[in-house]
Amino acid sequence: MSGAVNNQYGIVERDITLKVARYLRDFLNQYDGVEVIMTHDGNLPSNYELEISERGMIARRNQADLLVSLHFNATETDSLNGAEVYVTANKLLPKYNQESTELGNKILNNLSKLGIANRGVKTRLCNDTDPKWEYSDGSKADYYGVIRYAMKGDGEDRGANLANGEGIPGILIEHCFIRGTDVKYINSDAALYQLALADGQAIVEHYGLTLKTERVQSISLDSSYIEMLTNESKKVNANIQPNTAKNKNIKWTSSNEKVATVSNDGTIKAMGEGRATITATTEDKGLQAKVEINVTQSILQIENGKEWNMIAGTTTKLLTEINPITYDRKNIEWSSSNEEVATVKDGIVTAKKEGEATITAKMKQYNIQDEIKIHIHGNNEKIEIDSYQEEQGIITKIAEKISQSEFKKHFKLPQGMTIQVEQETIGSGTKVQIVDNKGQVIQEYICLLYGDVNGDSKITAVDYTLIKNHIMEVKKVTSQIQNLGADVNQDNKITAVDYTLIKNHIMDVKKIEQK
């Protein structure tokens with residue numbers, strides 16, 4: 001239905017209301033928390049008319065705060081001018097008549113600034129005596145269908161419970177008359193935009209809306225996962241968008257202050273071993289961003305235990321629990337309690353002669369240290385390992401899924417010695433012990449399979465994901481054996497090259513070479 005028409009100027013109510021609606025939508029969409037739903041956007045078939053009841057029901061189905069129905073007035077004589085607003089007459093709750101009237105007056109005041117006469121905020125009731133034309137509180141329903149259906153629904157009964165706030169308040173705006181002296185307010189797109197602006201500014205004032213550019217829309221942190229040592233401090237920086245947001249205040253909290261605390265500027269202090277989540281919450285809108293904290297107070301890797309066995313004349317590289325990518329091993333101070341029995345340099349222990357020595361690893365700046373007791377055994381007979389490679393107590397050149405029994409075949413041991421392996425299949429971190437005829441462990445090794453990050457003796461998508469998460473800082477691989485396994489191309493870095501090599505290995509494009 002075209003609505004009112006001004007044949008003299010070729011102005012059709014349907015067309016100009018759609019333009020005003022689009023201008024109003026675009027204006028309101030600049031404001032935070034606003035969702036504008038159009039009953040249609042001019043995309044209806046030419047032979048289709050959207051029923052008045054359906055317009056009201058669109059507002060109800062979307063649980064709208066307000067229905068705005070845009071119109072232009074007309075009379076047969078073309079002698080009238082000015083704007084008027086119709087609202088619900090129901091006064092059961094303030095949001096119905098009272099607040100709609102307040103909004104209507106704001107709109108009329110804005111229109112009057114354009115020169116349009118103010119004809120007032122009005123109500124109109126149904127004349128029918130049938131109860132279906134009443135609201136749930138027994139009051140007469142509104143005459144204009146778009147207001148009535150938004151309030152009660154389109155059923156045959158009294159409809160929505162208005163006392164519970166189920167009615168959707170609606171305002172019907174007759175901006176001016178389409179014919180007569182008011183035509184100057186509608187004869188150009190610029191003029192129509194001014195009408196939409198008058199409506200929009202009144203709605204903004206009525207609801208106290210704020211521009212999106214002035215409100216926080218998102219918050220992110222420059223890290224999602226951080227490894228720390230006890231007593232260490234690190235600052236996390238927050239990025240709030242948009243930059244034009246007026247209130248950028250942030251509240252910082254820790255899920256476990258025994259593990260990590262956080263100050264008002266995002267500085268995190270590691271307090272004790274464990275995990276904690278640091279949360280940054282914006283004062284405006286309460287948006288959140290989080291970073292996971294992993295705090296360790298140990299230096300030596302758990303797989304090594306607190307005791308280790310070596311044969312005189314051999315060397316062992318003590319693996320660290322701390323991430324060597326994050327913390328340079330050069331920052332660790334190593335010392336031996338008995339250098340005649342064993343010496344240590346950069347974590348590499350050299351067994352000198354039979355006896356015992358305690359190796360201490362210390363990081364002064366974090367006030368933490370760790371110790372491991374080294375048992376040195378005198379033995380003149382040599383342990384030989386074929387096919388595999390052993391260097392500083394780490395065995396490499398191991399294939400995937402090698403069974404314990406197959407693995408043991410590659411060891412040539414002196415008479416009376418046996419080999420013990422803790423896993424059925426050999427993977428990164430598998431401990432190997434050589435036991436003498438007295439049942440005493442005299443030599444220990446750690447296995448390393450490049451590409452096997454999780455130590456399950458297989459190179460799979462799980463390992464690929466671990467490396468990808470490490471690079472993207474979703475979750476870092478922690479211990480040194482994991483880092484060594486993740487460094488597939490052995491360039492002392494964990495990069496996209498490494499997970500690409502794993503991906504190619506899994507897809508049989510090119511197998512990982514165990515060097």
Side-chain angles (χ1 to χ4, degrees), residues 1-5 12-29 34-44 48-74 82-90 95-97 99-108 110-111 116 118-126 135 141-154 159-160 167-178 182 185-186 192 195-204 206-207:
M1 191 168 73
S2 62
V5 178
V12 179
E13 182 182 11
R14 174 190 59 198
D15 298 336
I16 61 175
T17 52
L18 181 58
K19 285 186 177 182
V20 172
R22 288 171 174 167
Y23 289 142
L24 180 57
R25 174 198 61 194
D26 294 345
F27 175 79
L28 290 175
N29 277 339
V34 173
E35 180 184 7
V36 178
I37 298 171
M38 303 273 282
T39 56
H40 72 90
D41 192 16
N43 51 6
L44 296 175
Y48 179 81
E49 176 65 25
L50 189 66
E51 296 291 338
I52 297 295
S53 60
E54 178 59 17
R55 300 179 192 192
M57 291 308 295
I58 289 173
R60 292 197 61 77
R61 284 195 294 270
N62 287 281
Q63 298 182 322
D65 294 297
L66 176 70
L67 181 144
V68 180
S69 186
L70 306 176
H71 298 268
F72 291 87
N73 226 332
E84 58 193 16
V85 173
Y86 283 89
V87 300
T88 179
N90 189 278
K95 76 170 185 174
Y96 300 142
N97 175 267
E99 294 181 10
S100 296
T101 299
E102 292 171 0
L103 174 57
N105 280 321
K106 289 184 174 75
I107 292 171
L108 292 174
N110 285 349
L111 292 172
I116 301 173
N118 185 341
R119 295 170 58 87
V121 177
K122 303 177 180 181
T123 62
R124 185 177 177 183
L125 299 176
C126 290
Y135 289 135
D142 295 288
Y143 171 81
Y144 289 108
V146 70
I147 295 176
R148 181 175 68 251
Y149 291 122
M151 285 287 286
K152 72 183 287 290
D154 64 353
I168 305 297
I171 59 171
L172 188 155
I173 308 171
E174 297 280 8
H175 288 91
C176 61
F177 283 78
I178 200 169
D182 279 350
Y185 302 114
I186 59 174
L192 294 174
L195 300 181
L197 197 61
D199 298 341
Q201 288 174 338
I203 292 171
V204 167
H206 183 73
Y207 287 102

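All residue numbers refer to positions in the sequence shown, counting from 1. Bear in mind the structure is a predicted one, so any value in this text is a computation, not a measurement. Note: hydrogens, waters and symmetry copies are ignored here, and every other heavy atom, side chains too, is used.
- For Tyr96, there are no ring pair (Phe, Tyr, Trp, His ring centres under 6.0 Å) partners at least two apart in sequence or on another chain.
- Between the side chain of Arg55 and the main chain of Leu50, a donor-acceptor pair closer than 3.5 Å is present.
- Of the possible polar contacts, none joining the Arg124 side chain to the Tyr144 backbone as a donor-acceptor pair under 3.5 Å is found.
- For Tyr149, there are no ring pair (Phe, Tyr, Trp, His ring centres under 6.0 Å) partners at least two apart in sequence or on another chain.
- Remark: side-chain polar atoms of Arg60 are paired, donor with acceptor, to backbone N or O of Met151 under 3.5 angstrom.
- Thr17 places a side-chain N or O within 3.5 Å of a backbone atom of Arg14 that can act as its donor or acceptor partner.
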Would you please test Asp154 and Glu51 for side-chain contact (heavy atoms from CB on, under 4.5 Å) and show each step?
CA-CA 11 Å; Asp154 64 353; Glu51 296 291 338; over 6 Å; no
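- Residue Tyr207 places its OH atom among more than 12 non-hydrogen atoms of other residues, nucleotides or ligands, all under 6.0 Å distant.
- Residues His175 and Asp182 have side chains that never bring a donor and an acceptor to within less than 3.5 angstrom of each other.
- Residues satisfying the side-chain hydrogen bond (donor to acceptor under 3.5 Å, both in side chains) test with Glu13, not counting sequence neighbours, are none.
- The backbone N or O of Asn73 sits less than 3.5 Å from a side-chain atom of Glu174, completing a donor-acceptor pair.
- The environment of NZ in Lys19 is sparse: at most 12 heavy-atom neighbours from other residues, nucleotides or ligands sit within 6.0 Å.
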